[in-house]
Each structure stands twice: as structure tokens, then as C-alpha cells.
Amino acid sequence: NANVLVNSVTLSLVMLGWILLLLYFQSVVYSSHSVSMEVDTIGTNYITLSWTKVSTWINVNNFTVSITREDGYRNPCNSFICNTPYCEFSSRGHCRALSSCTTYNINVTGGSESTTTHVTTAPNQKPDLHLSVNKSMLSIKWKGPFENCSHTALLTTTLNSDTQHSDVTVHPGVDNMVQHQLPPCTPGDVHVTMAYLTDGRVTESQGTATLTNY
């Protein structure tokens, strides 16, 4: 009887060890595939988000999106149903319109797990670009936005098939100018696009201009 008892206790300990090991590996799998979201579009009064159902979200279809200003005001949003493995959410049609140039904390909850990020909406004023060229030096002038939330912009310059990207400094509320060296003796049309950035993300506050027959 003593041997039977010892064997029974040993078997129970072995089974407990396997259960703990299984729970450990399961937690490792969940932590390595933790839920997350992406901010896809930043407008002046709306944003779009996307996420993939992984980990504890695989079988979740009902999500709650919370959009809260830094001062604690919560922007009302309706519940969101996503029945596909990849979810796309727009605050248009689901939430009250956001304010321009305002920082919000974004929280997406599905089941028992949630993920959080923050985003600053775009300034209401788009860059109105004016181009001029002296020999091969391109000058780009515009009025900075009156709202003080974007201090950099992504500048894209295209001449024929040559496209160049650069970050430029933005001074809010005053006249701005940057210069860009074009390839000499390369006739064509110069296309310029400038997009304001907030928190390093490209916004929909963008301006374009074309200089023909450079």
C-alpha cells in the first residue's frame, strides 16, 4: 500500500509539472503575439485604425474603441463589430467628429485584452505651396499652420522619374521657405507634395504644386 501511495503521489506531481509547463508555453505564445493596432489615416476630424485578430482576439467579434482627449474628455463612439481576421475602423460613422490639432489616447478592447496608443489629429490648414526656381535651385514657400501641433513635414519632390523625400521644419503661423537642389540640365515638370506630420506620422493635411517646363 505504501508503494502504491508513493507511485500515486509521484504520478500526480509529474502531471502537475506537465500542466505548469503547458501553461508556461501558452503564456509565452500569447506574449509573443500580443494584440496591437495601427493608425492608418490621420485627418483633421477623424482617424482610421486597423488590427489583426491574433492571440486572445482570434475569436472576438465585438470591439470597443475609446477615444479620449488629454484633458479626460471621452469622445463618444459606437461599438464596433468585426467578423473578419483583419479589422478596419474609421471614427467617421462610429464616433463624434474629432477636433483638429488635438492629442487623443486611443484604446481598443476586445474580450479581456486591450491595446492603447495616442495620436494627434492634423492641423486644419493645408500647406499652400508656391514654387520658383533660379537655375537649378528650387524654392518652396508656404504659410505655416496657425495651429501649433505640426513642426515637421514630409516633402516629396519629383522631376521626371527621380523622386526624393526629405523632412522639413515647419514654423506655425509664419511664412516658411525651404530650398531643394534639382538635377541641372534636366528639363521636365517639377511636382512637389508636402504633408504635415504629427508625432512623426503623415497626416491628410497636404498640399501639392507643379512647376512646368523647368
Side-chain angles (χ1 to χ4, degrees), residues 34-52 54 67 70 86-92 97-106 108 115-214:
S34 59
V35 297
S36 63
M37 66 173 140
E38 296 291 334
V39 179
D40 298 315
T41 309
I42 301 175
T44 57
N45 62 358
Y46 80 102
I47 58 171
T48 65
L49 311 170
S50 63
W51 60 88
T52 301
V54 297
I67 302 179
E70 289 185 313
Y86 181 75
C87 305
E88 295 179 294
F89 173 88
S90 174
S91 64
R92 285 176 169 173
L98 306 181
S99 300
S100 62
C101 223
T102 303
T103 300
Y104 292 91
N105 293 315
I106 314 298
V108 177
T115 182
T116 303
T117 189
H118 72 276
V119 62
T120 302
T121 50
N124 197 39
Q125 182 184 2
K126 298 181 178 181
D128 182 17
L129 305 178
H130 301 275
L131 309 181
S132 62
V133 65
N134 182 11
K135 296 181 180 179
S136 60
M137 183 62 71
L138 174 68
S139 296
I140 305 165
K141 297 180 180 180
W142 78 101
K143 184 85 169 182
F146 295 107
E147 296 170 295
N148 188 19
C149 66
S150 179
H151 298 277
T152 54
L154 176 64
L155 179 68
T156 302
T157 305
T158 302
L159 174 58
N160 300 326
S161 60
D162 179 46
T163 299
Q164 299 184 26
H165 304 279
S166 59
D167 287 346
V168 298
T169 301
V170 177
H171 301 284
V174 298
D175 292 332
N176 286 252
M177 184 185 77
V178 294
Q179 292 185 312
H180 179 77
Q181 182 68 53
L182 298 172
C185 304
T186 308
D189 295 341
V190 181
H191 301 280
V192 176
T193 299
M194 179 178 291
Y196 287 139
L197 306 178
T198 58
D199 303 320
R201 298 184 177 114
V202 175
T203 74
E204 286 206 320
S205 288
Q206 303 179 13
T208 61
T210 300
L211 186 66
T212 58
N213 299 323
Y214 157 65

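In what follows, every heavy atom counts, from backbone to side chain, and hydrogens, waters and symmetry copies are set aside.
For Y104 (side chain) and S99 (main-chain N/O), a donor-acceptor pair under 3.5 Å exists by modelled atom type. N124 places no side-chain N or O within 3.5 Å of a backbone atom of A122 that could act as its donor or acceptor partner. A donor-acceptor distance shorter than 3.5 angstrom exists from the side chain of S90 to the backbone of R92, with no hydrogens or angles considered.
For the pair T121/N45, no side-chain contact is recorded, criterion being any heavy-atom separation below 4.5 Å from C-beta on. Taking the side chain as every heavy atom from C-beta outward, T44 and S205 approach each other to under 4.5 Å. Proximity of T115 to W51: side-chain heavy atoms (C-beta onward) are nowhere separated by under 4.5 Å. Between Q181 and M137, the closest side-chain pair of non-hydrogen atoms falls below 4.5 Å. By the 4.5 Å heavy-atom criterion applied to side chains, F146 and P123 are not counted as neighbours. In this structure, L155 and H165 have side chains that are not in contact, with every pair of non-hydrogen atoms separated by 4.5 Å or more. Two residues are said to be in side-chain contact when any heavy atoms from C-beta on lie closer than 4.5 Å; V170 and P145 meet this criterion. Residues L159 and P183 have side chains in contact (heavy-atom distance under 4.5 Å, counting atoms from C-beta outward).
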field: Verdict with supporting geometry, T193 and T156, side chain to side chain donor-acceptor pair (under 3.5 Å)
entry: CA-CA 5 Å; T193 299; T156 302; 5.8 Å; no
message: Could you walk me through whether T158 and T163 satisfy the side chain to side chain donor-acceptor pair (under 3.5 Å) test, starting with their C-alpha distance in whole Å, then the side-chain angles of each, then the deciding distance to 0.1 Å, before giving a yes or no?
response: CA-CA 4 Å; T158 302; T163 299; 3.1 Å; yes
- request: Could you please spell out the steps behind the side-chain contact (heavy atoms from CB on, under 4.5 Å) verdict for V190 and V133?
  value: CA-CA 10 Å; V190 181; V133 65; over 6 Å; no
message: For T120 and D199: C-alpha separation, side-chain torsions, deciding distance, then whether side chain to side chain donor-acceptor pair (under 3.5 Å) applies.
response: CA-CA 7 Å; T120 302; D199 303 320; 2.9 Å; yes
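Atom-to-atom distance recorded for I106:CD1 and L49:CG is 6.5 Å, nearest 0.5 angstrom. Taking CD from E70 and CG from N105, the interatomic distance works out to 6.5 Å, rounded to the nearest 0.5 Å. With rounding to the nearest 0.5 Å, the separation of OG in S136 from NE2 in H180 is 10.0 Å. For the atom pair CD1 of I140 and OG of S132, the computed distance is 9.0 Å after rounding to the nearest 0.5 Å. How far CG of N160 is from CG of D189: 8.0 Å, rounded to the nearest 0.5 Å. With rounding to the nearest 0.5 Å, the separation of CH2 in W142 from CG in L131 is 11.0 Å.
Under the side chain to side chain contact (heavy atoms under 4.5 Å, CB included) test applied with L182, the options D162, T157, L211 reduce to a single match, T157.
D167 and T152 share no side-chain donor-acceptor pair at under 3.5 Å. Neither side chain, E88 nor S50, offers a donor N or O lying under 3.5 Å from an acceptor on the other.
Of all non-hydrogen atoms in P172 and E147, the two that sit nearest each other are CB-O, 4.1 Å. The heavy-atom pair separating M194 from P127 by the smallest distance is O-CG, 3.6 Å. Nearest approach of T52 to Y86, heavy atoms of both residues: OG1-CD1, 3.5 Å. A pairwise comparison of heavy atoms in Q206 and T203 identifies NE2-O, 2.9 Å as the closest pair.
Residues that satisfy the ring pair (Phe, Tyr, Trp, His ring centres under 6.0 Å) test with Y46, not counting sequence neighbours, are absent from this structure.
The neighbour count for K141 NZ, taken as heavy atoms of other residues, nucleotides or ligands under 6.0 Å away, does not exceed 12.
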